[in-house]
Amino acid sequence: MVETAENTTTVVIVGAGVAGLTLGNFLLRSGIGCVIVEKHSRAYVEKRQRAGTVDSRGVRMFREWGLDDVVKDGSSPKKITGGTWIDGVMYPTRFGDDDTDAVFIPQQTLVRNLTDAFLEAGGDLRFQALDVGLEDIDGERPTVRYRCPDGASTTLTCDYVAGCDGFHGVSRTSVPVGALTLHSHEYPYSWLSVMAEVPAYPFGMAIHDRGLAARYPRGADASRLYLQCPAGDTPAQWPDERVWSELKARFGADIPTGRIVDKRIVPLRSVVYSPMSHGRLYLLGDSAHIVPPMSAKGIHLALYDTEVFARAIIAKVREGDASLLDGYSDTCLRHVWNYQAYAAWITDLMHNAGDASYEGAFRKQISRAELRRLHDSPTAGRLYDELVDGLL
């Protein structure tokens, strides 16, 4: 294939999720050439239901880059009443108070907003890039090959590749075997994740002997529901009637019901790959690490990686300074492990405080004591708030 100007760029970004689109917007606004390739169609990407919270750090980051409009969602309530239910008693949460910038925003809305911003600024975003392959990531000029829906092959030549295509993407698997170290932890329980056409009002978590439960808004008239379940469960074991019955029992209150449109089992696990780069390939977000959903820090970590990488590329291109790129993995991993520690702590705490069948009655009482301390101690509460807001 003849190399053309439109197929030569500084950074090829693999994946049009939150990390890839945020990076594309940052680079484009900084005058750095980039192309985003995404294997799915735009319609598919913008309907993909995932996490729905951008914490205070993320909101402030978008604001600093002049992209504060991407976290605005006219369909979601501005203030949401909620809390934590413990054995049927509700303890109000501070989320949504004036001292936090965090927002609930359905991921598909955030992705749509980021896509619009990128394309309106003249960005090059190529959907339905099939069979993506990365080559020469150890060389001076990596290439990214893909097949168009009509069967034509395209080769992109670049200086750097940003792998933003998630845990099951091609980016990390392009790294030679043995070059990365895997650190992982599997939790002994899973979550049943349910998307329902019903408002999540009030929202929050329920801690109960029967297990953890949760409901969170995904727009004005939709909610994501979670129920702790044994790791070996399947969706077939959870008919709609059982879902609503368990939610009612664990919250200890009447739960508004609605049509369930999606139901799946989510394994709870923590994963970190180290280092987060190889040659001229850099891994961002879920390509490099996963946190259990209890922590709500998947988007936080993806955005942190993205900003670190964007500033490193800008320094290299504008000033010839490669020090930030050289330190990318170490910088991100320090932050990743800090939030893996938070994720492991909050996951164990919230699950052990309810269902004692996994860790026993002693750990249950310890967890209950910790929850009381978080509620009663301003010092403990401040640390927790800083972690929730993503400010540590």
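Along the sequence shown, residues carry numbers from 1. Atoms considered below: every heavy atom in the structure, side chains included; atoms not considered: hydrogens, waters and symmetry mates.
Proximity of a side-chain donor or acceptor of D136 to a complementary backbone N or O of G139 within less than 3.5 Å is not detected. At least one donor-acceptor pair closer than 3.5 Å links the side chain of R318 to the backbone N or O of S30. When atom types are taken as modelled, the side chain of T9 and the backbone of C34 share a donor-acceptor pair closer than 3.5 angstrom. At least one donor-acceptor pair under 3.5 Å links the side chain of R280 to the backbone N or O of D159.
Of the inter-residue distances, the one linking D68 atom CG with N113 atom CG reads 11.5 Å to the nearest 0.5 angstrom.
Taking both residues in full, the closest heavy atoms of T347 and Y189 are given as O-OH, 3.7 Å, listed atom of the first, atom of the second, then distance. Across L371 and A353, no two heavy atoms sit closer than the pair CD1-CB, 3.7 Å.
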| message | Pair F203, F104 - check ring pair (Phe, Tyr, Trp, His ring centres under 6.0 Å), show working. | response | CA-CA 11 Å; F203 83 96; F104 283 117; 5.1 Å; yes
| request: Could you walk me through whether R42 and D116 pass salt bridge (Lys or Arg N to Asp or Glu O under 4.0 Å), step by step? | output: CA-CA 11 Å; R42 180 173 183 176; D116 288 343; 2.6 Å; yes
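Residue D87 forms a salt bridge (charged side-chain N to carboxylate O under 4.0 Å, His left out) with just one option from R250, R368, R210, and that option is R368.
For W337 and H289, the gap between ring centers reaches or exceeds 6.0 Å.
A tilted orientation is assigned to the rings of Y282 and F309, their planes being inclined by 30° to 60°. Ring orientation note: the planes of W85 and F251 are nearly perpendicular, at an angle over 60° on the 30°/60° scale. Between Y304 and H300, the ring planes are parallel. Angles under 30° get that label, and only those over 60° would be called perpendicular. Ring orientation note: the planes of W345 and Y342 are tilted relative to one another, at an angle of 30° to 60°.
Between the side chains of D305 and H335, no donor-acceptor pair of N or O atoms lies under 3.5 Å. In this structure, a donor-acceptor pair under 3.5 Å is present between the side chains of D138 and H278.
With respect to the salt-bridge test (charged N to carboxylate O, under 4.0 angstrom), the residues D209 and K364 qualify. Ion pairing of E197 with R259 is present here, as a side-chain N (NZ or NE/NH1/NH2) and a carboxylate O approach within less than 4.0 Å.
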